[in-house]
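Predicted model only: the values in this text are computed from it and were never measured. The sequence lines fix the lettering, A, B, ..., with proteins before strands; numbering per chain opens at 1.
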Protein chains: 2
Amino acid sequence: MTEERIATNLRKGVLEYCVLALLSHGEKYGLELADDLTERELIASEGSLYPLLARMRENGLVEPRWDASGTGRPRRYYAITENGTDQLTTFARVWKSLGAQVNALLEGSR
Amino acid sequence: MTEERIATNLRKGVLEYCVLALLSHGEKYGLELADDLTERELIASEGSLYPLLARMRENGLVEPRWDASGTGRPRRYYAITENGTDQLTTFARVWKSLGAQVNALLEGSR
DNA sequence: TTGCAAGTCTTGCTATGCAAGGTTAGAGTT
DNA sequence: AACTCTAACCTTGCATAGCAAGACTTGCAA
């Protein structure tokens with residue numbers, strides 16, 4: 001599938017900030033994030049998400065917390081940090097700028 | 001620079017199709033493409049472009065041609081192929097879809 | 001002939017998405 | 001108790017692609 005290959009490459013570097021955007025509305029746990037991102041076709045499997053969450057934790061963008069209060073096995077909830085919020089703002093600016101450049105090219109305004 | 005890192009990752013998978021879009025308006029040679037893309041902040045150096053052009057040639061997306069008619073050292077002009085045009089169309093569709101998803105997230109419509 | 005600039009290309013590195021699968025814990029069934 | 005099922009978390013190994021740095025080649029001009 002050439003279309004899948006295109007999408008895979010486009011997702012690189014976007015995923016991290018989609019997670020931040022989701023978390024900016026409130027805590028979520030791993031599988032919950034994975035399901036949400038899968039629905040939006042922003043990831044292909046959890047295999048991308050968990051390593052990403054680990055990196056983001058190391059970089060201080062998110063703060064995890066175990067919660068065993070409910071039924072079933074404990075969940076690890078992630079919250080966005082102040083640092084994460086800043087990065088999200090920066091990303092939004094870069095994304096907007098690059099998106100404009102690409103759209104200009106695609107629309108043929110040479 | 002965190003902003004540069006963000007941009008670098010966003011460019012992955014976009015650059016190839018920006019080249020196709022540029023070539024869809026007519027032949028260009030390597031440095032000409034590099035200068036154009038640099039102006040649009042779509043690459044950071046030729047180091048990304050030449051390996052990319054080689055891949056695209058192997059995949060039949062572009063067709064190179066040496067031209068020594070002018071002054072200065074010979075240039076290698078690249079033209080888009082029919083295959084390349086098709087891929088550009090596919091990319092435009094995927095880009096539009098993914099862009100919409102990311103924008104929805106950034107604009108907070110949970 | 002020396003130097004410079006335009007042009008093409010290579011090497012080594014790093015980051016990151018992904019497929020596949022392993023691990024752990026709770027809950028129901030026999 | 002033993003078994004199975006499922007949710008949830010995480011790891012391993014790989015392929016891709018941008019990039020910094022610089023090598024190599026060619027023509028031109030002082």
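Applying the side-chain hydrogen bond (donor to acceptor under 3.5 Å, both in side chains) test to A:Gln101 and every residue at least two apart in sequence or in another chain returns nothing. For B:Glu32, there are no side-chain hydrogen bond (donor to acceptor under 3.5 Å, both in side chains) partners at least two apart in sequence or on another chain. Residues forming a side-chain hydrogen bond (donor to acceptor under 3.5 Å, both in side chains) with B:Arg65 (at least two apart in sequence, or on another chain): B:Glu27, B:Asp67. In this structure A:Tyr78 satisfies the ring pair (Phe, Tyr, Trp, His ring centres under 6.0 Å) test with no other residue, sequence neighbours excluded.
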Could you run down the sub-3.5 Å N/O contacts of the protein with nucleotides 19-24 of chain C?
| residue | atom | partner | partner atom | Å |
| --- | --- | --- | --- | --- |
| C:dT24 | O2 | A:Arg73 | NH1 | 2.7 |

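Ranking C:dG26, C:dG7, C:dA15 by closeness to the B:Arg75 side chain, first place goes to C:dG7. Checking C:dG7, D:dC9, D:dG18 against the side-chain heavy atoms of B:Leu52 singles out D:dG18 as nearest.
Every pair tested for side chain to side chain donor-acceptor pair (under 3.5 Å) that includes a residue from residues 46-58 of chain A fails, sequence neighbours excluded, so the list is empty.
The CG-P distance, from B:Leu33 to D:dG18, rounds to 14 Å in whole Å. We find that CG of A:Asp67 is positioned 13 Å from P of C:dG26, with the value rounded to whole Å. Computed from coordinates, the A:Asp36 CG to D:dA8 C1' distance equals 17 Å when rounded to whole Å. Rounded to whole Å, atom C1' of D:dG18 lies 13 Å from atom CG of B:Leu37. Taking atom CD on B:Glu41 and atom P on D:dG18, their separation rounds to 17 Å, with Å as the unit. Between B:Lys28 atom NZ and C:dG7 atom P the separation is 13 Å, expressed in whole Å. Note: CD (B:Glu58) to P (D:dT16) measures 11 Å, nearest angstrom. The interatomic distance linking B:Tyr50 (OH) with D:dG22 (P) rounds to 18 Å, in whole Å.
Listed pair B:Asn9 / C:dT16 meets the phosphate criterion, a side-chain N or O lying under 4.0 Å from OP1 or OP2. At C:dC9, one or more side-chain N or O atoms of B:Arg76 fall inside 4.0 Å of OP1 or OP2 (strictly under the cut-off). Phosphate contact (OP1/OP2 of C:dG7, side-chain N/O of B:Tyr29, threshold under 4.0 Å): present. Distances shown here put a side-chain N or O of A:Arg5 below 4.0 Å from the OP1 or OP2 atom of D:dA17. Remark: A:Arg55 is in phosphate contact with C:dG17, judged by side-chain N or O atoms under 4.0 Å from OP1 or OP2.
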Side chains of residues 6-15 of chain A: which donor-acceptor partners sit under 3.5 Å, not counting sequence neighbours?
| residue | atom | partner | partner atom | Å |
| --- | --- | --- | --- | --- |
| A:Thr8 | OG1 | A:Glu4 | O | 3.0 |
| A:Arg11 | NH1 | A:Glu41 | O | 2.8 |
| A:Arg11 | NH2 | A:Glu4 | OE1 | 3.2 |

Name the atoms and distances for all side-chain donor-acceptor pairs under 3.5 Å in residues 82-90 of chain A, with sequence neighbours left out.
| residue | atom | partner | partner atom | Å |
| --- | --- | --- | --- | --- |
| A:Thr85 | OG1 | A:Thr81 | O | 3.0 |
| A:Gln87 | NE2 | B:Thr2 | OG1 | 3.2 |
| A:Thr89 | OG1 | A:Thr85 | O | 3.1 |
| A:Thr90 | OG1 | A:Asp86 | O | 3.3 |

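Using modelled atom types, one side-chain atom of B:Thr38 and one backbone atom of B:Ala34 make a donor-acceptor pair closer than 3.5 Å.
Contacts of A:Tyr77 with the nucleic acid, taken as non-hydrogen atoms under 4.0 Å apart, are absent. Note on B:Ile43: only backbone sugar-phosphate atoms sit closer than 4.0 angstrom, heavy atoms only; bases stay farther off.
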In sequence, state the C-alpha distance, the side-chain angles, and the governing distance for A:Val19 and A:Leu49, and then conclude on side-chain contact (heavy atoms from CB on, under 4.5 Å). CA-CA 9 Å; A:Val19 169; A:Leu49 185 62; 3.9 Å; yes

Apply side-chain contact (heavy atoms from CB on, under 4.5 Å) to A:Leu31 and A:Arg75, showing your working. CA-CA 9 Å; A:Leu31 263 197; A:Arg75 293 165 173 173; over 6 Å; no

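Taken residue by residue, residues 11-18 of chain B places heavy atoms nearer than 4.0 Å to DNA chain D at B:Arg11, B:Lys12, B:Gly13, B:Leu15.
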